[in-house]
K.L.:
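There's a structure below that I have some questions on.
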Amino acid sequence: MIDVLNGKTMSPPPLWLMRQAGRYLPEYRQTREKAGGFLNLCYTPELATEVTLQPIRRYGFDAAILFSDILVIPDALKRNVRFEEGHGPRLDPIDVTAIRALKPDHVSSHLKPVMETVTRLRASLPEETTLLGFCGAPWTVATYMIAGQGTPDQAPARLFGYRETAAFTYLLDFLADVSADYLVEQIDAGADAVQIFDSWAGVLGEREFADYAVRPVRRMVDSVRARRPGAKIIAFAKGAGLRLKTYRRDTDTDAIGLDWSVPLSFAAELQKDGPVQGNLDPMRVVAGGAALDEGVDAILQALGNGPLIFNLGHGITPQADPDHVTRLVKRVRGEAL
Ligand code: CP3
């Protein structure tokens with residue numbers, strides 16, 4: 001995968017899946033049960049290491065992604081993050097006063113267990129398996145901090161951006177700086193590359209995309225590269241559409257993630273500028289059979305002759321059948337079922 005991030009074409013392409021450690025795996029559900037709360041799982045190095053390794057053992061993916069969550073940053077900022085069964089994440093909604101009072105002082109010590117997980121992972125993974133660290137992009141993390149929960153189109157954060165532009169910009173810059181430090185620590189602990197998840201980039205208007213999605217990610221990338229010049233960085237701006245044309249250049253990232261709505265002809269254009277990652281519809285993995293095979297083949301045909309990291313267009317869902325993932329892996333690698 002690092003070769004591809006350096007611009008090389010590999011056949012078959014390296015392969016991993018967003019959310020590859022998760023509820024579709026029975027062994028994950030078992031460890032999750034043992035951990036009690038979800039955040040407890042993220043902060044217990046022994047268990048977080050175990051769930052990170054589960055999909056590697058089962059499928060032999062080319063990259064392992066650190067098991068954690070993008071919301072450990074607001075948790076470290078004392079925003080009272082909870083994961084309630086069946087509800088997704090809940091936080092205390094933040095206001096202007098609380099934004100101005102945010103302090104980065106305890107973030108690094110709070111996230112020490114995550115660094116311990118990264119160190120353990122690098123020591124236990126096969127040498128050829130890439131270890132991916134990650135964090136959320138400032139915009140996506142901010143949407144949860146403002147609304148206090150997930151929402152269908154992040155209307156609360158978009159509205160806050162119009163009404164309280166100065167405080168919102170301050171929040172994004174603050175998150176960019178804290179997250180850049182967090183990525184540097186992950187790299188120092190053993191991460192070979194990092195991914196920035198901007199899962200909600202697609203709900204932003206033209207100007208807001210530039211101000212809230214692109215600019216803070218660039219600030220993070222510049223901050224990481226100033227300290228770790230060789231850092232390999234992937235950026236995934238879900239729903240960015242046509243704006244992907246300049247996203248790689250504007251964020252100065254090595255590879256860009258593509259969601260399943262990106263036409264393969266456009267993806268091939270983007271690949272002329274550098275590596276792309278994606279973009280199978282996670283529902284094809286749920287469907288299995290011909291729907292899965294056709295989706296895999298179309299991506300390999302359109303993008304297999306350039307630098308490609310095979311992945312889904314967003315996270316694998318809990319309903320996915322683990323045997324369908326076996327089928328996907330074999331199909332990508334050209335192995336018989
Ligand atoms: O395997 C991996 O990809 C590594 C772990 C990982 C998780 N979350 C574990 C998780 C990663 C990279 C994330 C990123 C993340 N978390 C994002 C960005 C990527 C995306 O999917 O858009 C976002 C927006 C979050 C915030 C978040 N965490 C939500 C909205 C939820 C609830 C929805 C859900 O899927 O349950 C979570 C919880 C979460 N994070 C789970 C996992 C495995 C499920 C919780 C459980 O096990 O009960």
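Both ligands and their constituent atoms are indexed starting at 1 by order of listing. None of these values were measured; they are calculated from a predicted model.
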K.L.:
Heavy-atom contacts with F38 under 4.0 Å: which atoms of ligand 1 show up? List them by number with element.
P.N.:
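Near F38, the atoms of ligand 1 are 9 (C), 10 (C), 39 (C), 40 (N), 41 (C), 42 (C), 45 (C), 46 (C), 47 (O).
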
K.L.:
For atom 40 (N) of ligand 1, which candidate among D69, V72, T143 provides the closest heavy atom?
P.N.:
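The option holding the nearest heavy atom is D69.
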
K.L.:
Assess P318 for proximity to ligand 1: is some non-hydrogen atom of it under 4.0 Å away?
P.N.:
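Contact check P318 vs ligand 1: negative.
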
K.L.:
Relative to each other, are the rings of Y212 and F168 parallel, tilted or perpendicular (30° and 60° limits)?
P.N.:
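Geometry flag for F168 against Y212: perpendicular rings.
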
K.L.:
Out of curiosity, is Y144 lining ligand 1, as in a heavy atom under 4.0 Å away?
P.N.:
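For ligand 1, residue contact (heavy atoms, under 4.0 Å) with Y144 is present.
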
K.L.:
Using a 4.0 Å cutoff against the non-hydrogen atoms of P89, which atoms of ligand 1 qualify?
P.N.:
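Every atom of ligand 1 under 4.0 Å from some heavy atom of P89: 29 (C), 30 (C), 31 (C), 32 (C).
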
K.L.:
Which of the numbered atoms in ligand 1 are below 4.0 angstrom from a heavy atom of F83?
P.N.:
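Checking each atom against F83, I get 28 (N), 37 (C), 38 (C).
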
K.L.:
Which ligand 1 atoms does R32 reach within 4.0 Å, using its non-hydrogen atoms?
P.N.:
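Contacts of ligand 1 toward R32, numbered from 1: 46 (C), 47 (O), 48 (O).
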
K.L.:
Has L66 got any heavy atom lying under 4.0 angstrom from an atom of ligand 1?
P.N.:
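Within the 4.0 Å threshold, so yes.
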
K.L.:
I'd like the name of whichever of S68, A64, P282, A21 reaches closest to atom 9 (C) of ligand 1 through any heavy atom.
P.N.:
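Of the listed residues, S68 has the closest heavy atom.
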
K.L.:
Less than 4.5 Å apart, any side-chain heavy atom of R29 and any of L25?
P.N.:
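The answer is no, as the side chains (C-beta and beyond) never meet within the 4.5 Å cut-off.
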
K.L.:
Based purely on interatomic distance, does H314 place a nitrogen or oxygen under 3.5 Å from a nitrogen or oxygen of ligand 1?
P.N.:
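Yes, H314 has an N/O under 3.5 Å of an N/O on ligand 1.
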
K.L.:
I want to check something: taking the side chain as every heavy atom from C-beta on, are V194 and I234 in contact at a cut-off of under 4.5 Å?
P.N.:
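No. Closest side-chain heavy atoms not under 4.5 Å.
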
K.L.:
Charged N to carboxylate O below 4.0 Å: is that the case for R227 and D222?
P.N.:
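Salt bridge flag = no for D222 with R227.
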
K.L.:
Verify the ring-centre separation between Y182 and F134: is it less than 6.0 angstrom?
P.N.:
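No, ring centres 6.0 Å or more apart.
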
K.L.:
Establish, for the pair R100 and Y170, whether the NZ or CZ atom is under 6.0 angstrom from the six-membered ring centre and no further than 45 degrees off its axis.
P.N.:
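Yes, a cation-pi geometry holds between R100 and Y170.
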
K.L.:
Output the list of atoms in ligand 1 that are nearer than 4.0 Å to some heavy atom of F134, sorted by atom number.
P.N.:
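Those of ligand 1 that fall under 4.0 Å from F134 are 11 (C), 12 (C).
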
K.L.:
Just jot down the ligand 1 atoms closer than 4.0 angstrom to any heavy atom of Y28, in number order.
P.N.:
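Near Y28, meaning under 4.0 Å from one of its heavy atoms, ligand 1 has 43 (C), 46 (C), 47 (O).
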
